[in-house]
Amino acid sequence: MDKVYIEGLTFQTTIGFYAWEKEIKQTLVIDLAMGWNTAQAAENDELAKTLDYAAISEAIVEFANANPVDLIETLAERIAAFLIANYQIPWLRLKLMKPTAVHNATTVGVEIERGSQRLEQAM
């Protein structure tokens with residue numbers, strides 16, 4: 001399966017369990033790989049037949065800011081479901097990181113994989 005990816009998408013949003021976290025914006029970083037048949041877009045050089053990573057990047061940031069949650073696990077699941085439903089993505093791997101969460105760590109986060117790479121044949 002071909003993949004379209006976005007790495008290091010960095011944005012500010014409200015996320016966190018503690019009351020003080022609900023009052024501030026924190027930095028999150030997403031790495032995203034999305035299964036897609038890129039040959040269809042490449043055949044005639046058609047943007048409409050590929051995943052528009054600029055539009056998807058904007059949609060992720062808007063979605064995260066419109067849907068504040070406590071846990072990065074929750075946000076990762078909701079972003080994945082949103083992308084699959086709205087862009088008909090058959091498979092994705094999403095890594096969501098919170099680089100300021102643990103003082104001694106570069107970053108912490110979750111990585112999830114949803115959908116099936118086998119669905120690519122049906123596209």
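- Note that the OG1 atom of Thr50 and the CG atom of Asp45 stand 10.5 Å from one another [nearest 0.5 Å].
- A continuous path of hydrophobic side-chain contacts links Leu75 to Val61 [ILVMFWY only; heavy atoms under 4.5 Å].
- Residue pairs meeting the ring pair (Phe, Tyr, Trp, His ring centres under 6.0 Å) criterion with at least one member in residues 49-73, sequence neighbours excluded: Phe63-Phe82.
- Here the closest non-hydrogen pair linking Gly35 and Pro90 is O-CD, 3.3 Å.
- The CG atom of Leu94 sits 8.5 Å away from the CG atom of Asp31 when rounded to the nearest 0.5 Å.
- Inter-residue side-chain proximity for Leu9 and Leu32 is flagged as unmet; no heavy-atom pair is nearer than 4.5 Å.
- Side-chain contact between Asp70 and Phe17 is present, with at least one heavy-atom pair separated by less than 4.5 Å.
- A 4.5 Å side-chain heavy-atom check between Val29 and Thr107 finds every atom pair outside the cut-off.
- Hydrophobic clustering, with ILVMFWY side chains joined whenever heavy atoms are under 4.5 angstrom apart, groups Leu96 together with Ile112.
- Note that OG1 of Thr100 and CD of Gln26 are 5.0 Å apart. Values are rounded to the nearest 0.5 Å.
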Derivation of the side chain to side chain donor-acceptor pair (under 3.5 Å) call for Asn65 and Lys25: CA-CA 10 Å; Asn65 280 296; Lys25 297 273 188 179; 3.0 Å; yes
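- Atom CG of Asp52 is separated from atom CD of Glu58 by 8.5 Å, given to the nearest 0.5 angstrom.
- Because its NZ or CZ atom is both nearer than 6.0 Å to the ring centre of Trp91 and within 45° of the ring axis, Lys3 counts as a cation-pi partner of that residue.
- The side-chain heavy atoms of Arg114 and Ile89, taken from C-beta on, include no pair separated by under 4.5 Å.
- Under the rule for a side chain to side chain contact (heavy atoms under 4.5 Å, CB included), the partners of Glu111 that lie at least two apart in sequence or sit in another chain are Arg93, Lys95.
- Side-chain atoms of Thr13 come within 3.5 Å of backbone atoms of Ala64 as a donor-acceptor pair (strictly under, hydrogens ignored).
- A distance of 12.5 Å separates CD1 in Ile56 from CD1 in Ile79, rounded to the nearest 0.5 Å.
- By the criterion of side-chain heavy atoms lying less than 4.5 angstrom apart, applied directly or through intervening Ile, Leu, Val, Met, Phe, Trp or Tyr residues, Ile24 is grouped together with Tyr18 in one hydrophobic cluster.
- Residues Leu28 and Ile72 form a side-chain contact, since some pair of their non-hydrogen atoms from C-beta on lies under 4.5 Å apart.
- Between the CG atom in Leu92 and the CE atom in Met34 there is a gap of 8.0 Å [rounded to 0.5 Å].
- Under the 3.5 Å distance criterion, the side-chain polar atoms of Lys22 are matched with a main-chain donor or acceptor of Gly16.
- In this structure, Leu83 and Ile60 have side chains that are in contact, with non-hydrogen atoms separated by less than 4.5 Å.
- Under the 3.5 Å distance criterion, the side-chain polar atoms of Gln40 are left unmatched by any main-chain donor or acceptor of Lys49.
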